[in-house]
Student: 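I have a structure I would like to understand better, so I am pasting it below and will then ask my questions one at a time.
Positions are given from 1 along the sequence. The structure presented is a predicted model; accordingly, all values stated were derived computationally and were not measured. Every number for a ligand or one of its atoms is a count from 1 in the order of the listing.
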Amino acid sequence: MTTLLRGGRVIDATGTRDADVLIDDGRIVAVGTGLDGDTVLDAGGCIVAPGLVDLHSHLRQPGREEAETVETGSRCAALGGFTAVVAMPNTTPAIDSAAVVREVQELGEKALCAVHPAGAITVGRAGERLSPMAELAELGVRLFTDDGSGVQDNQLMRRAMEYAVGLPQPVVLAQHCEDAALCGGGHMHEGAWSARLGIAGQPAEAEELMVTRDLALARLTGARVHLQHLSTAGSVEQVRAAKVAGVRVTAEATTHHFTLTDAACAGYDPVFKVNPPLRTGADVHAVRTGLADGTLDAIATDHAPHTQEDKEQAFDEASPGMLGLETALALALTELELPTEEILALLSWRPAAIAGLADSHGGPIAEGRPANLCVIDPTATWTVDPAASASRSRNTPYAGRALTGRVRHTIYRGEPVVIDAEAQR
Ligand code: DOR
């Protein structure tokens, strides 16, 4: 049984052309005009792109299945055009052992997109002892992070990097950059808004200090380092300088850090509570500039589902985090003044390369390639409705926001998992 994507504009890292795409048995078998197939999906007026890749999803399984599961999170991903996600290890238990890696991989086999568990850098993400990184890398883990918190101990982080350099597999050490002591228990960005609202803040420097430390350690060890969800102008500037100096660093920004500021916290609504926190307008501008000039390599979602019980608390008590998988592409298309090719680079082929997934995701749309694709209607308008989310959680900060650009179809391993913006399973 073949599937045909008919009449779209194909955009990948090699360029743009108008073509049909024919899929059979999980692969692209032809790209051209006038093709036919058993199942025909209309792509008229749409962009046919490599599937998107999220470097930063919290799928909550094992341990917090009431907030999300691998299955429900992967459905959000597919609806958002993602064909692969890297699942963060701050689960319960943490993804710090072969058993938990295998568990998430097995759950991922039934998912609506590829699910690649990230491994914890330290046992239990406790920041005290290194996890069995070699064993996890042997199972296919390519990205290590203690996300949810940063590795605080300088010496331990140095050892993790040295260890990573010695592994036979090409792995990347990713960091949630926050100096815990300097965060001082703050719940939002420290600045004029935190002062006005009387909410304890955390300064931009709490992030920037760890960026400085990790860039220094990357220089010292030669390790590949990836800086997660950078949110401040100072962080972006440091990465820019480090890249010029030849440090092996990549970095991501989340959709919320280029679309929302700390002013959103004015109503004390915890839906706007996130770590790192929403920053100032100047920081948002710097993040956008970093995405535009290549300082920031990827847009990540930091999809962080939380139950209503955990989120509907006083601001100080609520869990930090926001949904992101279903809205990321549309937010980027609506908010960033960048050519579509650049937005797709930030959401597909660059993150695919960082995660070591370039063989199967983000690659050229060409005969013989794996059929992991998304079809995007760039002119479709829609309004974000939390109740319509495929997530088990509802904590999107974009309720009611009008967006332009929508995923129409998603093809994963040759299977149409989303057709006309409806998940097929
Ligand atoms: O806001 C956040 N939520 N930041 C993180 O780093 C972790 C995440 C979560 O797991 O909820």
Student: So R158 and T221, do their side chains get closer than 4.5 Å, heavy atoms only?
Tutor: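 Yes. Closest side-chain heavy atoms under 4.5 Å.
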Student: Considering the options T83, I343, V85, L344, which one meets the side chain to side chain contact (heavy atoms under 4.5 Å, CB included) requirement together with L52?
Tutor: L344
Student: Please enumerate all residues that pass ring pair (Phe, Tyr, Trp, His ring centres under 6.0 Å) together with H58, with sequence neighbours excluded.
Tutor: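 Expected list: H56.
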Student: For a quick check: using heavy atoms under 4.0 Å, what are the residues in contact with ligand 1, sorted by chain and number?
Tutor: H58, R60, N90, D147, G148, H176, H229, V274, N275, D302, A304, H306, P320, G321
Student: As a test of understanding, state which of V225, V151, T145, D147 forms a side chain to side chain contact (heavy atoms under 4.5 Å, CB included) with Q175.
Tutor: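 With Q175 as partner, V225, V151, T145, D147 yield a single side chain to side chain contact (heavy atoms under 4.5 Å, CB included), made by V151.
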Student: Excluding sequence neighbours, so at least two apart, what forms side-chain contact (heavy atoms from CB on, under 4.5 Å) with V141?
Tutor: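 Counting only residues at least two positions away or on another chain, V141 forms a side-chain contact (heavy atoms from CB on, under 4.5 Å) with V101, L136, F144.
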Student: Taking only residues two or more places apart in sequence, or in another chain, which ones meet V384 in a side-chain contact (heavy atoms from CB on, under 4.5 Å)?
Tutor: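 With sequence neighbours excluded, V384 shows a side-chain contact (heavy atoms from CB on, under 4.5 Å) to T327, W382, T396, Y398, L403, given in chain and number order.
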